[in-house]
Amino acid sequence: MFHRKHGVQGMSDSDDLFIREDPIFVNKELLEISHLPDEGRIVGRDEEIGQLANAVNPAIFGQSPSNVLIYGKTGTGKSLCAKYVSRRLVGTAEEEGVDAVFAYVDCAQDTTETQAVQTIASSVNTEETEIYIPDKGISTATYYKRLWRILDQEYDVTLIILDEIDKLEDDAILMQLSRAGEAGKVTDCKIGVMGISNKIKYKDRMDERVKSSLCEREFVFPPYNAGQLNEIMAARNDAFRNGVLEDAVIPRAAALAAREHGDARKAIDILRYAGEIAQAKGAETVREEFVVQARERAEVDRFRELIRGSTPHSRYVLQALTVLSLEHNPEGAYSDAADETDGFRTTRVYDVYEQICRQEGADTLSLRRVRDLLKEHAFLDILEQSRHSGGSAEGSYTEHTLLEDPEVVRDVLAETVS
DNA sequence: CGTCCACAGGAACTACGGGAAC
DNA sequence: GTTCCCGTAGTTCCTGTGGACG
């Protein structure tokens, strides 16, 4: 911290460029996504937490915890509860004289087996082991070897949380983890895995052997209802200065979020944005009307985050589909396309994509590659793919439908291209 | 009925960057 | 310094699919 007194010397208060005292927020961290609420702030998940705790309970005696698979839509508190239970477990185990740790892996970040093992190993590593876990540069097998050694040396039991497990490119790591004990790789440490997925279908594409070992216990987290969302936000209202939040704000935000799949994260985002909008407008209170604008902004932000870091060509492909969507279905033309699914087949998207590449002066990628890019977007729920058969002279083909609002996509793409 | 069209998607391969280990 | 290994972004080649058409 620097001495602000020095910096503003000789200036009158009205000249200040920056606001010194936030008129809206007092503790904004409460509204950050990464913020982990403490006990008593987790709403409406008592039962789930109890069951989860029950599944991993043996760990506090140094015995094998059950492996768990948690399903639920985004923002239903899956990661939150998993972390919470794990943290409590480690604490309780310690009281029992058992060395326990948990490692949290966000598989959306670490999509390959190697990266995931690396994250686990480096997060459970301690100074005492004198084992070095480099960021990259060594083989997957080496990471495993070092991980096993750390676990054997330091711990009696380990809990590994694999969040967004469906983003993992294959289940090799699950195989390794579930068989580590049997194969004699690890002798002194029990391993438990908590898998978290928001795709129910995930289980179907799992290897049969992995499935039987990983899915000892399964839980489904239901979406929050409006009442619970209300409570969740109310529990965080001390992020705001006293009396700044108008009464209708939280119920309104809760209602909006409840309608959109009961996503608590979105609800909190909306609340934060509403506050920021109030701030930007210099309003003294957060008014209900800001909530609607906040939702809009949350939407745009989420999408921007989604395509952040994507390659130019990946964007061109998206742009192509957006152009098609816009010209085919301009401004709320609702009735004229009632019989069509307003999806566009791959080759059509590819044609437009080629045009865009010409405009941008870029070489075009192969059709094969574009198919993969489209598939990647589908995976991120930016668009939806559907298989069809029939037509003029075809067997099967795929149609792509933009799930996001085309105008939002267009605007975000336009702003980031430059 | 066979063939062909126009697409889907798997597999193998290339090229390049970057770090670790020996 | 050389050899290994991984990640990313692509390409090329190939096999499959299923209705239309001669």
Side-chain angles (χ1 to χ4, degrees), chain A residues 105-123 125 129-150 162 164-177 201 204-207 306-321 324 340-354 356-358 360-380 382-401 416-417:
Chain A
V105 183
D106 180 4
C107 300
Q109 234 99 59
D110 304 321
T111 52
T112 69
E113 185 189 4
T114 315
Q115 289 167 341
V117 188
Q118 194 275 333
T119 304
I120 296 169
S122 66
S123 83
N125 200 11
T129 60
E130 292 184 345
I131 294 174
Y132 173 54
I133 307 291
D135 286 351
K136 49 176 172 170
I138 59 177
S139 68
T140 311
T142 312
Y143 280 122
Y144 276 120
K145 274 184 205 147
R146 295 186 187 183
L147 173 62
W148 304 147
R149 242 167 64 215
I150 293 168
L162 295 171
E164 303 213 49
I165 197 170
D166 46 316
K167 297 276 197 303
L168 230 39
E169 64 178 13
D170 54 52
D171 357 300
I173 188 168
L174 299 175
M175 281 286 280
Q176 293 288 335
L177 290 175
K201 280 193 302 181
D204 301 341
R205 51 164 244 249
M206 258 199 301
D207 185 285
L306 223 48
I307 64 159
R308 193 172 58 97
S310 53
T311 59
H313 284 287
S314 178
R315 288 164 190 235
Y316 297 157
V317 170
L318 203 52
Q319 197 180 338
L321 184 58
L324 282 169
E340 299 173 39
T341 45
D342 63 306
F344 305 95
R345 57 164 70 194
T346 312
T347 37
R348 203 155 158 212
V349 176
Y350 189 69
D351 289 342
V352 179
Y353 159 78
E354 284 183 308
I356 291 171
C357 282
R358 265 198 294 280
E360 303 287 334
D363 294 335
T364 58
L365 299 178
S366 62
L367 175 62
R368 182 69 189 81
R369 180 64 186 143
V370 169
R371 262 200 281 269
D372 280 345
L373 290 176
L374 282 165
K375 200 178 172 185
E376 283 171 25
H377 285 138
F379 197 71
L380 292 174
I382 294 173
L383 57 85
E384 194 176 53
Q385 297 182 318
S386 54
R387 290 294 297 270
H388 299 268
S389 58
S392 53
E394 296 121 35
S396 62
Y397 60 92
T398 307
E399 282 195 340
H400 312 271
T401 316
T416 44
V417 154

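Because the structure is predicted, anything quoted here is derived from the model rather than measured.
The aromatic rings of A/His313 and A/Tyr316 stand perpendicular to each other, their planes meeting at an angle above 60°, with 30° marking the opposite boundary.
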So which protein nitrogen or oxygen atoms get under 3.5 Å of nucleotides 8-12 of chain C's nitrogens or oxygens?
{"residue": "C/dG10", "atom": "OP2", "partner": "A/Arg369", "partner atom": "NE", "Å": "3.4"}
{"residue": "C/dG10", "atom": "OP2", "partner": "A/Arg369", "partner atom": "NH2", "Å": "3.4"}
{"residue": "C/dT11", "atom": "OP1", "partner": "A/Ser366", "partner atom": "N", "Å": "3.4"}
{"residue": "C/dT11", "atom": "OP2", "partner": "A/Ser366", "partner atom": "N", "Å": "3.1"}
{"residue": "C/dT11", "atom": "OP2", "partner": "A/Ser366", "partner atom": "OG", "Å": "2.7"}

Atom pairs, protein N/O to nucleotides 18-22 of chain B N/O, distance under 3.5 Å:
{"residue": "B/dG19", "atom": "N2", "partner": "A/Gly137", "partner atom": "O", "Å": "3.0"}
{"residue": "B/dA20", "atom": "OP1", "partner": "A/Tyr132", "partner atom": "OH", "Å": "3.2"}
{"residue": "B/dA20", "atom": "O4'", "partner": "A/Gly137", "partner atom": "O", "Å": "3.4"}
{"residue": "B/dA21", "atom": "OP1", "partner": "A/Arg146", "partner atom": "NH1", "Å": "3.2"}
{"residue": "B/dA21", "atom": "OP1", "partner": "A/Arg146", "partner atom": "NH2", "Å": "2.7"}

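A search for side chain to side chain contact (heavy atoms under 4.5 Å, CB included) contacts involving A/Arg387 returns A/Ser396, A/Thr398, not counting sequence neighbours. Not counting sequence neighbours, A/Arg348 has no partner by the salt bridge (charged side-chain N to carboxylate O under 4.0 Å, His left out) test. Applying the salt bridge (charged side-chain N to carboxylate O under 4.0 Å, His left out) rule to A/Asp110 yields no partners; only residues at least two apart in sequence or on another chain are considered. Scored by the side chain to side chain contact (heavy atoms under 4.5 Å, CB included) test, A/Ala121 finds A/Ile133, A/Leu147 as partners (sequence neighbours excluded). When the salt bridge (charged side-chain N to carboxylate O under 4.0 Å, His left out) test is applied to A/Asp372, the partners found at least two apart in sequence or on another chain are A/Arg368. Taking A/Gln385 as the reference, A/His400 meet the side chain to side chain donor-acceptor pair (under 3.5 Å) condition, with sequence neighbours excluded. Residues passing the salt bridge (charged side-chain N to carboxylate O under 4.0 Å, His left out) test with A/Glu113: none are found, sequence neighbours excluded. Residues satisfying the side chain to side chain contact (heavy atoms under 4.5 Å, CB included) criterion with A/Ala141, sequence neighbours excluded, are A/Ser139. Applying the ring-ring contact (aromatic ring centres under 6.0 Å, His included) rule to A/Tyr143 yields no partners; only residues at least two apart in sequence or on another chain are considered.
Between A/Arg387 and B/dG9 there is a side-chain N or O to OP1 or OP2 distance below 4.0 Å. The shortest distance between the side-chain N/O atoms of A/Ser396 and the OP1/OP2 oxygens of C/dG19 is not below 4.0 Å. Taking side-chain N and O atoms only, A/Thr346 has a distance below 4.0 Å to OP1 or OP2 of B/dA8. In this model, the phosphate group of B/dC7 is approached by a side-chain N or O of A/Thr347 to a distance below 4.0 Å at OP1 or OP2.
Between the NZ atom of A/Lys375 and the P atom of B/dG9 there is a distance of 6 Å, given to the nearest Å. Per the geometry, CG belonging to A/Leu374 stands 13 Å off C1' belonging to B/dG9, to the nearest Å. Taking atom OH of A/Tyr397 as the reference point, atom C1' of B/dG9 lies 18 Å away to the nearest angstrom. Atom CZ in A/Arg348 sits roughly 16 Å away from atom C1' in B/dC7 (whole-Å rounding). Between the CZ atom of A/Arg345 and the P atom of B/dG9 there is a distance of 13 Å, given to the nearest Å. Rounding to whole angstrom units, CD of residue A/Glu399 and P of B/dA8 are separated by 10 Å. Residue A/His388 contributes atom NE2, which lies 15 Å from atom P of C/dG18 at whole-angstrom precision.
For the helix from B/dC1-C/dG22 to B/dC22-C/dG1, the rotation axes defined at the first and last 5 base pairs enclose an angle of 30°, given to the nearest 10°.
The side chain to side chain contact (heavy atoms under 4.5 Å, CB included) with A/Leu383 is formed by just one residue from the set A/Thr401, A/Val349, A/Leu321; it is A/Leu321.
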